[in-house]
Amino acid sequence: MSASNNHLVIMAGGVGSRLWPISSEQMPKQFIDVLGCGRSLLQLTLDRFKGIVTEENTWVVTSERYAPIVHEQLPELPHRNILKEPFPRNTAPCIAYASWKIKSINPKANIVVTPSDHIVMDTDEFRNVIASSLKFAGESDSIVTLGMQPTRPDTGYGYIQLDMTASCPRNKNIYRVDAFHEKPDLETAQMYLADNNYFWNAGIFIWNVNTIVNALRIYANSISNEFEKLLDIYGTPQEQSEVNKAYAACERISIDYAVLERADEIFCYPASFGWSDLGTWKALHESARQDSQGNSIVGNVDVYETANCIIRMPEKERVIVQGLNGYIVAEKDGSLLICKLTEEQRIREFSGAAPGNK
């Protein structure tokens, strides 16, 4: 397998406003330095694929409104590699567009599809898993998804059930998928954790371009047709207007529902490399660097008698926090959030508490 055939598709069109007030529809979390490391989640996503995929073979699918932000944050990418969705249609149309676009350029391409707003702590192990999965997908007609080793009975993730009785002959780290499961209740999640053959669905997929377009033809034919008929249009001045028409004709559906839960030859690489989708403030607190008192702080902040808090404040503001334990303190553009980490779900449910929350 030639590394020149490796392509990366980063999905960056979501509104990502769960970390309100620092994220919003105007500036979703994928474009924010939520870890305080000087790089946005989108930039960190690109960083961890260095050495596996070239910038020339990296594609970002985003909405038209966010395309300028992508250009600003990833100036090393060719402008033609920023694919613009006219409106959201979930992941199946997004992946169909990118796959047919890549096939028009390289019919031998092997593709990794990844969200833009997740974090990975052990990037070396991540690269090992991706490289191994790309080799496996490039030598077979298989779809590979990554399963994260669960560390707790989490009800916020979908799960992948694997047949752990035997690994694949081509790769001892990869197993056949038995079933995909929706986000469970706590009792079911506890059962999944005890059974040892259930893994969190990370939403990261690896396949050969011909494998995915053929699967789309079979299981999501109406979506596939819209982008296959544009093979002679990609790269021309007419591409965007024709893609806009194609999106208008597509149903809103995820790649999981459209293809993965229906197709044969679905495999999973169970992995552990410090992954989180940062879907909550609690998840961000657990993933971010903490001081000796368990505080994760970004900004010009001094704390006293304070523990187990996550604090995100603009650098221009001087903030002093005293006497808090287990709180979120975050401010942006005049909106201030102060609440217990254990109560963030209730806060999201308050009418008007987090405008634009999705």
Side-chain angles (χ1 to χ4, degrees), residues 2-16 23-33 38-118 130 134 204-205 209 212-213 223 226-248 250 255:
S2 172
S4 64
N5 289 331
N6 292 346
H7 285 250
L8 170 64
V9 176
I10 303 175
M11 299 181 291
V15 298
S23 67
S24 64
E25 289 190 27
Q26 288 70 39
M27 185 62 72
K29 68 175 178 175
Q30 62 264 31
F31 304 122
I32 298 173
D33 175 15
R39 300 284 281 174
S40 72
L41 293 176
L42 173 65
Q43 291 168 323
L44 290 173
T45 300
L46 180 64
D47 291 348
R48 59 178 167 263
F49 283 93
K50 291 188 184 302
I52 296 177
V53 183
T54 65
E55 292 156 359
E56 185 72 19
N57 288 354
T58 297
W59 309 82
V60 178
V61 186
T62 190
S63 72
E64 290 182 308
R65 70 187 294 192
Y66 301 143
I69 305 176
V70 175
H71 287 307
E72 179 183 354
Q73 293 198 358
L74 302 180
E76 59 269 49
L77 295 193
H79 275 216
R80 69 181 179 89
N81 288 28
I82 311 300
L83 307 184
K84 292 173 282 191
E85 298 181 291
F87 31 75
R89 279 291 186 262
N90 213 316
T91 55
C94 162
I95 289 171
Y97 174 23
S99 298
W100 282 109
K101 169 87 171 182
I102 292 169
K103 184 174 174 61
S104 73
I105 297 168
N106 182 356
K108 297 181 179 180
N110 298 303
I111 303 173
V112 183
V113 178
T114 182
S116 59
D117 56 356
H118 297 181
I130 293 295
L134 278 167
I204 301 173
F205 313 110
V209 69
I212 187 57
V213 299
I223 293 174
E226 292 297 326
F227 298 100
E228 183 172 8
K229 69 185 182 184
L230 303 183
L231 278 173
D232 294 332
I233 301 296
Y234 296 125
T236 71
Q238 292 76 42
E239 177 177 340
Q240 190 62 58
S241 62
E242 293 302 314
V243 166
N244 291 353
K245 295 175 186 176
Y247 264 78
C250 289
I255 194 68

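Starting from 1, each residue takes its place in the sequence as its number.
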Do other residues, nucleotides or ligands put more than 12 heavy atoms under 6.0 Å from the NZ atom of Lys50?
->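 Atom NZ in Lys50 is packed in, count exceeds 12.
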
Residues in side-chain contact (heavy atoms from CB on, under 4.5 Å) with [X], at least two apart?
X	answer
Lys84	Glu64, Ala67, Gln240
Pro78	Glu56, Arg80, Asn81
Ser40	Leu42, Gln43, Gln73
Glu72	none

In the structure I gave you, are the side-chain heavy atoms of [X] and [Y] within less than 4.5 Å of one another anywhere?
X	Y	answer
Ile111	Trp59	no
Val113	Ile204	no
Trp100	Leu230	no
Ile102	Val9	yes
His71	Ile82	yes
Met11	Thr91	yes
Ile130	Phe49	yes
Met27	Ile32	yes

Would you confirm whether [X], through its side chain, and [Y], through its main-chain N or O, come within 3.5 Å as a donor-acceptor pair?
X	Y	result
Arg89	Cys250	yes
Asn6	Asn110	no
Ser99	Ala96	no
Ser104	Tyr234	no

Testing the basics here: between [X] and [Y], what is the closest heavy-atom pair and its distance to 0.1 Å?
X	Y	answer
Ser116	Ile10	CB-CG2, 3.5 Å
Ser4	Asn57	O-ND2, 2.9 Å
Pro28	Ser23	C-CB, 4.2 Å
Pro93	Ile223	CA-CG2, 4.0 Å
Val60	Ala12	CG1-CB, 3.8 Å

Not counting sequence neighbours, list each pair that qualifies as a salt bridge (Lys or Arg N to Asp or Glu O under 4.0 Å) and has a residue in residues 227-247.
->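 Qualifying pairs, neighbours excluded: Lys101-Glu239, Arg217-Glu228, Glu226-Lys229, Glu242-Lys245.
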
Value rounded to 0.5 Å, distance of [atom1] in [X] from [atom2] in [Y]:
X	Y	atom1	atom2	answer
Thr58	Leu74	OG1	CG	9.0 Å
Asn244	Glu85	CG	CD	10.5 Å
Arg39	Leu44	CZ	CG	6.5 Å
Lys103	Ile212	NZ	CD1	12.0 Å
Asp47	Leu41	CG	CG	11.0 Å

Does any donor atom in the side chain of Asn106 or Asn5 lie under 3.5 Å from an acceptor atom in the other side chain?
->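 Note: Asn106 and Asn5 side chains meet the donor-acceptor criterion.
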
Can you name the ring pair (Phe, Tyr, Trp, His ring centres under 6.0 Å) partners of Tyr247, sequence neighbours left out?
->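 In terms of ring pair (Phe, Tyr, Trp, His ring centres under 6.0 Å), with neighbours along the sequence ignored, Tyr247 is linked to Phe227.
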
Determine, step by step, whether Val112 and Phe205 satisfy the side chain to side chain contact (heavy atoms under 4.5 Å, CB included) criterion, reporting the C-alpha distance in whole Å, the side-chain angles of both residues, the deciding distance to 0.1 Å, and the verdict.
-> CA-CA 6 Å; Val112 183; Phe205 313 110; over 6 Å; no

